[in-house]
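One structure is given here, and the rest of the page talks about it.
Along the sequence shown, the residues carry numbers beginning at 1. Since the structure is predicted, the reported quantities are computational estimates derived from the model, not experimental observations.
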Amino acid sequence: MRLIVARCEVRYSGRLTAVLPEALRLLMIKADGAVMVHSDAGGYKPENWMTPPTVIEESEDGIVVRKVKDDDRLDIRIAEVVSDVTHDMGEAAALQKDGVERELQELLAGAPEWCGEGFRLVRREWPTDIGPVDLMCRNTDEDWIAVEIKRIGTISAVEQLTRYLERLRATDPAMASVRGVLAAQVVKPQARVLAESRGLDWVEVDIEVLRGDREPDLTLFA
């Protein structure tokens with residue numbers, strides 16, 4: 001997390017226009033792309049903010065924060081920097097997967113073909129500036145595939161995978177056509193519909209079969 005105390009002017013444009021005149025403020029820039037502008041009054045609420053996913057551009061004159069898919073924009077013109085420090089919050093600060101999700105990740109890392117035909121693992125916990133992708137794989141055509149693993153696949157899981165794909169495509173030209181797969185023990189019907197509407201794949205995996213505790217069910221074809 002980066003904390004900047006600076007004398008600055010902040011202009012917001014998007015659904016409306018708002019200007020915070022030059023004054024001493026705290027700029028909070030989080031690793032997930034969230035940006036908040038605080039003053040020393042008004043309680044805990046920021047005077048202005050931008051939620052992720054965002055693109056943050058820094059120059060000698062200040063900082064520009066833009067939403068990835070919208071027109072929302074924060075222009076922060078910095079007149080004087082009083083303090084600029086960055087703190088590593090550590091892995092413990094991140095959202096931790098439960099035991100089942102961690103085990104699923106380990107098992108699928110060892111058998112990525114369960115997520116898609118011809119998949120091979122490139123890396124677990126592939127880093128992005130808004131959090132790690134569970135598995136990054138490639139297939140026989142050398143396409144990149146990001147795999148998000150959940151115990152139960154919900155709409156929020158689809159949204160999370162979508163954000164990862166947006167960041168990968170925006171920040172790495174080699175990932176311009178990266179695909180996404182949601183892997184879970186159960187994928188909710190609404191999540192299936194949303195995933196398919198966004199061109200994402202989904203797969204349900206049986207953890208007992210992955211562990212080798214039982215044989216997969218046989219499918220009979222007429």
Q.
With salt bridge (Lys or Arg N to Asp or Glu O under 4.0 Å) as the rule and sequence neighbours excluded, what pairs involving residues 113-124 come up?
A. R120-E142

**Q.** Beyond-backbone contact of V181 with F119, side-chain heavy atoms, under 4.5 angstrom
**A.** yes

Q.
Is it true that T54 and R66 share a donor-acceptor pair across their side chains at a distance under 3.5 Å?
A. no

Q) Taking only residues two or more places apart in sequence or in another chain, which ones pass side chain to side chain donor-acceptor pair (under 3.5 Å) with D70? A) none

Q) Stepwise, does the salt bridge (charged side-chain N to carboxylate O under 4.0 Å, His left out) test hold for D61 with R77? A) CA-CA 6 Å; D61 299 325; R77 185 183 62 80; over 6 Å; no

Q) Will you find, in the side chains of D75 and Y12, an N or O donor that is under 3.5 Å from an N or O acceptor? A) no

**Q.** Summary of salt bridge (Lys or Arg N to Asp or Glu O under 4.0 Å) pairs that have at least one residue in residues 165-186, sequence neighbours excluded
**A.** K69-E166, D129-R167, R179-D201

Q.
Please determine whether side-chain contact (heavy atoms from CB on, under 4.5 Å) holds for the pair V158 and L200, giving the CA-CA distance in whole Å, both sets of side-chain angles, and the decisive distance to 0.1 Å.
A. CA-CA 8 Å; V158 177; L200 308 178; 3.9 Å; yes

Q | E208 backbone acceptor or donor facing D206 side chain under 3.5 Å | A | yes

**Q.** Residue pairs, two or more places apart or on separate chains, that pass salt bridge (Lys or Arg N to Asp or Glu O under 4.0 Å) and touch residues 35-55
**A.** R25-E47

Q) Do any pairs count as a ring-ring contact (aromatic ring centres under 6.0 Å, His included) and have a residue in residues 129-166, sequence neighbours left out, and if so which ones? A) W126-W144

Q. Are the charged groups of E58 and R2 less than 4.0 angstrom apart, N to O?
A. yes

Q.
Distance check, rounded to the nearest 0.5 Å: T128 atom OG1 versus L168 atom CG?
A. 6.0 Å

Q.
Checking R151 against E103 for the salt bridge (charged side-chain N to carboxylate O under 4.0 Å, His left out) test, could you report, in this order, the C-alpha distance in whole Å, the side-chain angles of both residues, the deciding distance, and whether it holds?
A. CA-CA 10 Å; R151 183 171 59 86; E103 184 179 7; over 6 Å; no

Q.
Among Q185, Q105, Q160, which residue satisfies the side-chain hydrogen bond (donor to acceptor under 3.5 Å, both in side chains) criterion with K150?
A. Q160

Q.
Would R11 and E9 count as a salt bridge (charged side-chain N to carboxylate O under 4.0 Å, His left out) here? Give the steps.
A. CA-CA 7 Å; R11 293 179 176 270; E9 177 188 88; 3.1 Å; yes

Q | Pairs flagged by ring-ring contact (aromatic ring centres under 6.0 Å, His included) wherever residues 14-37 is involved - sequence neighbours left out | A | none

Q.
What I want to find out is whether R192 reaches E204 closely enough, with some N-O distance under 4.0 Å, to be called a salt bridge.
A. yes

Q: Check whether any side-chain heavy atom of I29 sits under 4.5 Å from a side-chain heavy atom of I63, and report yes or no.
A: yes

**Q.** ILVMFWY cluster, V35 and W49 together (side-chain gap under 4.5 Å)
**A.** no

